[in-house]
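Comments concern the structure below.
Proteins get letters first, then strands, A, B, ... in listed order; numbering begins at 1 in each.
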There are 2 protein chains.
Amino acid sequence: MLTIGKLAAETGVKVPTVRYYEQIGLLPPPERSSGNQRLYGPLARQRLAFIRHARALGFPLEAIRDLLSLSDRPELPCSAADAIAKAQLAAVQARIAQLKALEQELQRMVIQCAHGTIADCRVIEVLGDHGQCAHDHHTVPEAME
Amino acid sequence: MLTIGKLAAETGVKVPTVRYYEQIGLLPPPERSSGNQRLYGPLARQRLAFIRHARALGFPLEAIRDLLSLSDRPELPCSAADAIAKAQLAAVQARIAQLKALEQELQRMVIQCAHGTIADCRVIEVLGDHGQCAHDHHTVPEAME
DNA sequence: CTAATGTCTCTAGTAACTATAGCTGCAAGA
DNA sequence: TCTTGCAGCTATAGTTACTAGAGACATTAG
């Protein structure tokens, strides 16, 4: 049986985060020691590793919740899991495309900076006037860490 | 003089967001009408457009705060503004690189899915075992809007 | 004049944690 | 055995950049 600290060290998740996952119901409440400390078995370790890996791939916790409940029902077709992964892939791709447009614009700004005074700084000037931009970056999408 | 609604419509910022910017000190408290409603002049409009554009380029509000205070001092050298823009560019580029690694991994997962049952779903399997991954995506960076 | 829309303040909620405070548990050294 | 010090416990609040809601007042169109 692992204490929360060992579990955290083994999975690379921080201790408060483990407790947070329990609080929001992603991890089941574990056994407790006589002194009321959490004790985890290998199943919990596996589940936490799953969560950690999915988070690292950018899946939001809600998607992970769905994936976990799917993995508890191995007899179902995997189309639902597939759909979640595809949605995540699409979100990542959209985000990349958007960031590339921002990158272009920022690069233009930085390159044109003549390193004089603020009064004729391209950075400040371009920010003040969207008309000088090449691309349409005027939609700020949601984060995804 | 513009009411908050007109200002919002002209700049593409939502009304509560304008009030929020005032609350955190990005916009100065404007004049008020006899009935206590906010009234904005062209300077406020310009400042808000600046904020809006910088946000669209992904600058965090703290960076925008710095940029605004720089733009109030046109005689200073523009190196500080340049540095902020460069930092934002670097953050965007780092984020793109990280998302590309995720994209690869997600693509592998989705492509390998045989559309059978959950029991042998690659999506679920790969998430449960990081050893099957090609890349090192095990650092989740911070958001950026 | 009335009805509809706009605006006001204030509070709370979002995602996914992180940090803090103040307490108790537990293992090892002197 | 004492004690020191880390680990763990609960609960609350803070983070970013807003968004949503409640309930009241202002303004404007018909």
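- For the OP1/OP2 pair of C/dT7 and a distance below 4.0 Å, the side-chain nitrogens and oxygens of B/Arg19 include no atom meeting the criterion.
- Residues that satisfy the side-chain hydrogen bond (donor to acceptor under 3.5 Å, both in side chains) test with B/Gln107, not counting sequence neighbours, are absent from this structure.
- The shortest distance between the side-chain N/O atoms of B/Thr17 and the OP1/OP2 oxygens of D/dA17 is not below 4.0 Å.
- As a whole-Å value, the separation of B/Leu48 CG from D/dC18 C1' is 14 Å.
- The distance between atom CD of A/Glu62 and atom P of C/dC17, rounded to the nearest whole Å, is 12 Å.
- Salt bridge B/Glu103/B/Lys100: absent, no basic N to carboxylate O contact under 4.0 Å.
- Using a 4.5 Å heavy-atom threshold, the side chains of B/Leu68 and B/Arg47 count as touching.
- When the side-chain nitrogen and oxygen atoms of A/Tyr21 are compared with OP1 and OP2 of C/dC17, one or more of them lie within a distance under 4.0 Å.
- Under a 4.0 Å N-O distance rule, the pair A/Glu62/A/Arg65 qualifies as a salt bridge.
- Considering only side-chain N and O atoms, B/Thr3 lies under 4.0 angstrom from the phosphate OP1 or OP2 of C/dT7.
- With hydrogens and angles ignored, the 3.5 Å screen pairs no side-chain donor or acceptor of A/Gln88 with any backbone N or O of B/Leu106.
- The distance from atom CZ of A/Arg52 to atom C1' of C/dC17 is 14 Å, rounded to the nearest whole Å.
- Across all strands, B/Gln37 comes closer than 4.0 Å to base atoms (heavy-atom distances).
- Distance, B/Lys6 NZ to C/dT5 C1': 11 Å, rounded to whole Å.
- The nearest whole Å value for the distance from the OH atom in A/Tyr20 to the C1' atom in C/dT14 is 10 Å.
- At a threshold of 4.0 Å, the pair B/Arg19-B/Glu22 does not count as salt-bridged, since none of the basic side-chain nitrogens sits closer than that to a carboxylate oxygen.
- Whole-Å rounding puts the B/Phe59 CZ to D/dT16 C1' distance at 17 Å.
- Within the structure, a side-chain polar atom (N or O) of B/Lys14 is placed less than 4.0 Å from OP1 or OP2 of D/dT19.
- To the nearest angstrom, C1' of D/dA7 lies 14 Å from OH of A/Tyr40.
- Annotation: side chain of A/Leu127 is in contact with side chain of B/Leu57 (closest heavy-atom distance under 4.5 Å).
- For the pair B/Arg38 and C/dC8, the criterion of a side-chain N or O lying under 4.0 Å from OP1 or OP2 is met.
- Looking at residues 23-33 of chain B, you'll see B/Ser33 sit with a heavy atom under 4.0 Å from some atom of DNA chain D.
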